[in-house]
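Beneath this line is the structure, given in structure tokens, with notes to follow.
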2 protein chains.
Amino acid sequence: MTTVLVVDDEPQIVRALRINLAARGYRVLTAADGAGALRGAAEGHPDVVVLDLGLPDMDGSEVIAGLRGWTTVPIIVLSARTDSTDKVDALDAGADDYVTKPFGMDELLARLRAAVRRASVAGPDGEAVVATPSFTVDLAAKKVLRDGAEVRLTPTEWGVLEVLVRNRGRLVTQRQLLQEVWGPAYGTETNYLRVYLAQLRHKLEAEPSRPRYLITEPGMGYRFEA
Amino acid sequence: MTTVLVVDDEPQIVRALRINLAARGYRVLTAADGAGALRGAAEGHPDVVVLDLGLPDMDGSEVIAGLRGWTTVPIIVLSARTDSTDKVDALDAGADDYVTKPFGMDELLARLRAAVRRASVAGPDGEAVVATPSFTVDLAAKKVLRDGAEVRLTPTEWGVLEVLVRNRGRLVTQRQLLQEVWGPAYGTETNYLRVYLAQLRHKLEAEPSRPRYLITEPGMGYRFEA
DNA sequence: CCCGATCTTGACGACTCCTTGATCCGGCCG
DNA sequence: CGGCCGGATCAAGGAGTCGTCAAGATCGGG
């Protein structure tokens with residue numbers, strides 16, 4: 001779930017944002033001043049910060065600087081000041097976007113989505129590593145490690161393993177596996193699966209003939225058990 | 001040097017941007033329509049795109065979609081439309097920011113700096129220099145050192161190496177490599193990759209026929225191992 | 001207009017990978 | 001007890017991919 005930290009000293013703005021964000025499935029944290037913003041960011045690990053510049057205790061750029069000292073979380077600045085120099089200062093201080101009040105909720109939400117999307121694409125947020133006591137699978141790097149050493153997989157081997165790992169814990173039918181790896185025209189060539197599951201077990205399992213992770217469900221399909 | 005692609009069909013806007021950007025040390029490319037924008041992005045490898053939505057030949061969101069199909073370069077939309085739904089559409093289509101005309105040059109430049117900063121910081125590390133026992137790659141300076149001496153790379157060689165180094169440790173598919181270096185129209189010309197990887201290995205690897213850093217993953221792609 | 005640098009294209013052997021068939025194993029049911 | 005079925009294992013042929021070399025094509029600068 002995406003977490004948003006809303007920082008504003010006007011209760012009605014906080015309230016409106018909280019309602020709109022919560023209704024769209026975001027987790028919402030709030031703070032009413034700069035000190036609370038820094039504390040909330042440190043403790044709540046938000047995915048994006050919506051920051052009003054007119055806070056009672058600190059200057060807006062101070063808050064931005066305080067955040068930027070240790071995090072690259074996207075910051076969307078809200079401000080009543082339409083002056084160009086204010087925008088420039090905030091953006092150069094490290095803000096990601098600047099929206100002037102009064103603002104349209106639709107637009108703010110769209111800018112928020114854009115900021116979150118950007119951060120998730122760029123950052124290592126898609127930390128897609130699945131580990132077992134015997135080996136680890138890194139879905140993003142397309143790498144498999146066993147005893148610290150890299151295991152070489154052929155494209156088809158990787159395709160089979162990837163589908164199973166993405167559906168870890170669940171049963172994957174033979175048909176589904178064939179269609180996702182070999183294409184929609186396949187569905188009955190179960191002998192392919194036997195060959196490739198055997199190869200994967202040889203490369204990954206401690207006892208290939210007694211698999212602990214790449215399990216056969218007779219007559220149904222296969223399952224990756226973590 | 002940072003490269004900006006400016007897309008607008010109004011010559012005076014293009015001119016104003018070109019002057020202001022060039023004066024601040026940016027390299028400026030221009031295009032007057034959507035087709036030119038896609039071509040310019042593929043050939044010029046800009047670090048950021050400034051895109052007017054009211055182009056004569058294509059809808060704005062089409063241009064955004066055309067870019068987003070193969071690149072994550074930041075896109076700043078310029079538009080005369082102040083309507084909220086336009087902003088939402090553009091941002092959700094994949095734009096990074098939305099500025100309404102008439103705009104302040106200071107503000108646009110600040111937003112541009114913010115977009116570029118984000119993209120470069122959000123990179124795999126933020127570390128612009130990647131070193132191996134055999135050679136050193138400086139992504140910011142676009143230079144490669146080996147035994148203290150600079151290695152001369154052709155533009156295409158550098159393009160390939162840059163993509164691999166930016167994704168160090170991760171596997172880069174041949175399709176991704178082709179599209180990022182040669183443009184979105186390419187994707188199957190794997191012979192190019194064979195030639196350029198061989199050239200890079202000759203220039204950088206101690207034993208070109210036994211690469212330690214520029215690794216081939218048969219059937220899948222290539223990987224830079226640090 | 002020529003020249004050098006760079007990019008594209010083609011061809012070849014070496015190697016890897018996919019597919020396929022044969023064989024073996026274990027459980028199930030008649 | 002014996003046949004049968006789905007799965008596991010093994011080996012080998014052919015298709016496809018990769019590394020390499022070299023020759024054309026293209027481009028930009030002098």
Side-chain angles (χ1 to χ4, degrees), chain A residues 142 144 150-162 164 171-175 177-183 185-223, chain B residues 39 42-45 142 144 150-164 171-175 177-183 185-223:
Chain A
K142 287 202 193 332
V144 180
E150 187 170 335
V151 180
R152 278 186 45 99
L153 296 185
T154 72
T156 310
E157 284 167 3
W158 174 259
V160 173
L161 181 63
E162 185 174 10
L164 289 175
L171 171 86
V172 183
T173 66
Q174 307 177 339
R175 172 172 221 87
L177 211 39
L178 282 164
Q179 296 197 338
E180 290 211 34
V181 177
W182 276 267
Y186 295 75
T188 58
E189 291 81 350
T190 57
N191 47 324
Y192 291 10
L193 297 179
R194 284 189 222 112
V195 172
Y196 280 96
L197 263 295
Q199 287 176 0
L200 282 173
R201 295 206 258 242
H202 263 104
K203 292 185 178 182
L204 301 180
E205 294 271 4
E207 295 180 85
S209 54
R210 290 244 184 81
R212 283 193 50 197
Y213 309 106
L214 300 166
I215 315 288
T216 300
E217 299 281 356
M220 308 276 307
Y222 296 86
R223 184 158 47 85
Chain B
R39 200 173 339 108
E43 293 168 3
H45 301 287
K142 289 194 192 299
V144 181
E150 184 172 340
V151 180
R152 251 192 78 75
L153 295 185
T154 72
T156 308
E157 284 168 4
W158 172 259
V160 173
L161 182 63
E162 182 174 11
V163 174
L164 288 175
L171 182 131
V172 183
T173 66
Q174 355 193 37
R175 173 172 216 86
L177 211 39
L178 282 164
Q179 296 201 333
E180 291 210 28
V181 178
W182 277 267
Y186 296 76
T188 57
E189 291 80 351
T190 58
N191 47 325
Y192 292 12
L193 297 178
R194 292 207 290 281
V195 172
Y196 279 95
L197 263 294
Q199 288 175 1
L200 283 172
R201 294 206 258 241
H202 266 103
K203 292 187 177 180
L204 301 179
E205 294 272 3
E207 295 180 84
S209 56
R210 273 220 217 122
R212 284 194 49 197
Y213 309 106
L214 300 166
I215 313 288
T216 300
E217 298 281 355
M220 306 215 282
Y222 296 86
R223 179 204 309 280

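What's counted below: heavy atoms across the whole structure, side chains too, no hydrogens, waters or symmetry copies. Protein chains get the first letters and strands the later ones, always in sequence-line order, with residue 1 at the start of each.
Checked against side-chain hydrogen bond (donor to acceptor under 3.5 Å, both in side chains), A:Arg223 has the following partners two or more places apart in sequence or in another chain: A:Glu217, A:Glu225. Evaluation of the side-chain contact (heavy atoms from CB on, under 4.5 Å) rule for B:Ala42 yields B:Trp70, B:Pro184 as partners, not counting sequence neighbours. Considering only residues two or more places apart in sequence or on other chains, A:Thr173 meets the side-chain contact (heavy atoms from CB on, under 4.5 Å) condition with A:Arg175, A:Gln176. Shown here are the salt bridge (charged side-chain N to carboxylate O under 4.0 Å, His left out) partners of B:Glu150, two or more places apart in sequence or in another chain: there are none. Residues satisfying the side-chain hydrogen bond (donor to acceptor under 3.5 Å, both in side chains) test with B:Thr190, not counting sequence neighbours, are none. Listed by chain and number, the residues in a side-chain hydrogen bond (donor to acceptor under 3.5 Å, both in side chains) with B:Gln179 amount to none (sequence neighbours excluded).
One can place CG of A:Asn191 at 18 Å from P of D:dA11, the figure rounded to the nearest angstrom. Remark: P of D:dG19 and CD of B:Glu205 are 12 Å apart, rounded to the nearest angstrom. If you take NE2 of A:His202 and P of D:dC10, they are 6 Å apart, rounded to a whole angstrom. To the nearest angstrom, P of D:dG28 lies 11 Å from CD of B:Glu43. Rounded to an integer number of Å, the gap from OH of B:Tyr192 to C1' of D:dG24 is 13 Å. D:dT9 atom P lies 11 Å from atom CZ of A:Arg210, rounded to whole Å. Atom pair A:Leu197:CG and D:dA8:P shows a separation of 7 Å (rounding to whole Å applied). To the nearest angstrom, P of D:dT17 lies 12 Å from OH of B:Tyr222.
Within the 4.5 Å cutoff, side-chain heavy atoms of A:Arg201 are placed close to those of A:Thr216. Taking the side chain as every heavy atom from C-beta outward, A:Leu164 and A:Leu197 approach each other to under 4.5 Å. Counting heavy atoms from C-beta on, the side chains of A:Thr156 and A:Trp182 come closer than 4.5 Å. Side-chain contact between A:Tyr186 and A:Leu177: absent, with no pair of heavy atoms (C-beta onward) separated by less than 4.5 Å. Within the 4.5 Å cutoff, side-chain heavy atoms of B:Val144 are placed close to those of B:Trp158.
From B:Leu153, atom CG reaches atom CD of B:Glu162 across 11.0 Å, with rounding to the nearest 0.5 Å. Distance NZ/B:Lys142 to CG/B:Leu161: 11.0 Å, rounded to 0.5 Å. A distance of 9.0 Å separates CZ of B:Arg194 from CD of B:Gln174, quoted to the nearest 0.5 Å.
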Please tabulate, one pair per line, each protein N/O and nucleotide N/O from nucleotides 13-16 of chain D that are separated by under 3.5 Å, including the distance.
none

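With a cutoff of under 4.0 Å to any heavy atom of chain A, the contacted region of DNA chain C is bounded 5' to 3' by C:dC17 to C:dT20.
Each of B:Arg194 and B:Tyr186 was assigned the nucleotide of DNA chain C with the nearest heavy atom; the assignment lying further toward the 5' end belongs to B:Tyr186.
Two end axes, each from the C1' atoms of five base pairs, can be drawn for the helix from C:dC1-D:dG30 to C:dG30-D:dC1; they diverge by 30°, to 10 degrees.
Residues of residues 211-219 of chain B that place a heavy atom closer than 4.0 Å to DNA chain D, in numerical order, are B:Thr216, B:Gly219. For residues 151-159 of chain B, proximity to DNA chain C is found at B:Arg152, B:Thr154, B:Pro155, B:Thr156, defined as any non-hydrogen atom under 4.0 angstrom from a strand atom.
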Result block: side-chain N/O donor-acceptor pairs under 3.5 angstrom for residues 203-212 of chain A, not counting sequence neighbours:
from	atom 1	to	atom 2	distance (Å)
A:Lys203	NZ	A:Arg152	O	2.9
A:Lys203	NZ	A:Glu157	OE1	2.8
A:Lys203	NZ	A:Glu157	OE2	3.4
A:Glu205	OE1	A:Arg212	N	2.9
A:Glu205	OE2	A:Arg212	N	3.2
A:Glu205	OE2	A:Tyr213	N	2.8
A:Glu205	OE2	A:Leu214	N	2.9

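Residue contacts shown for A:Gln199 are absent, as no nucleic acid heavy atom lies under 4.0 Å away.
Between the A:Glu180 side chain and the A:Leu178 main chain, no donor and acceptor come within less than 3.5 Å of each other.
Residue A:Gln174 places at least one side-chain N or O under 4.0 Å from the OP1 or OP2 atom of D:dG7.
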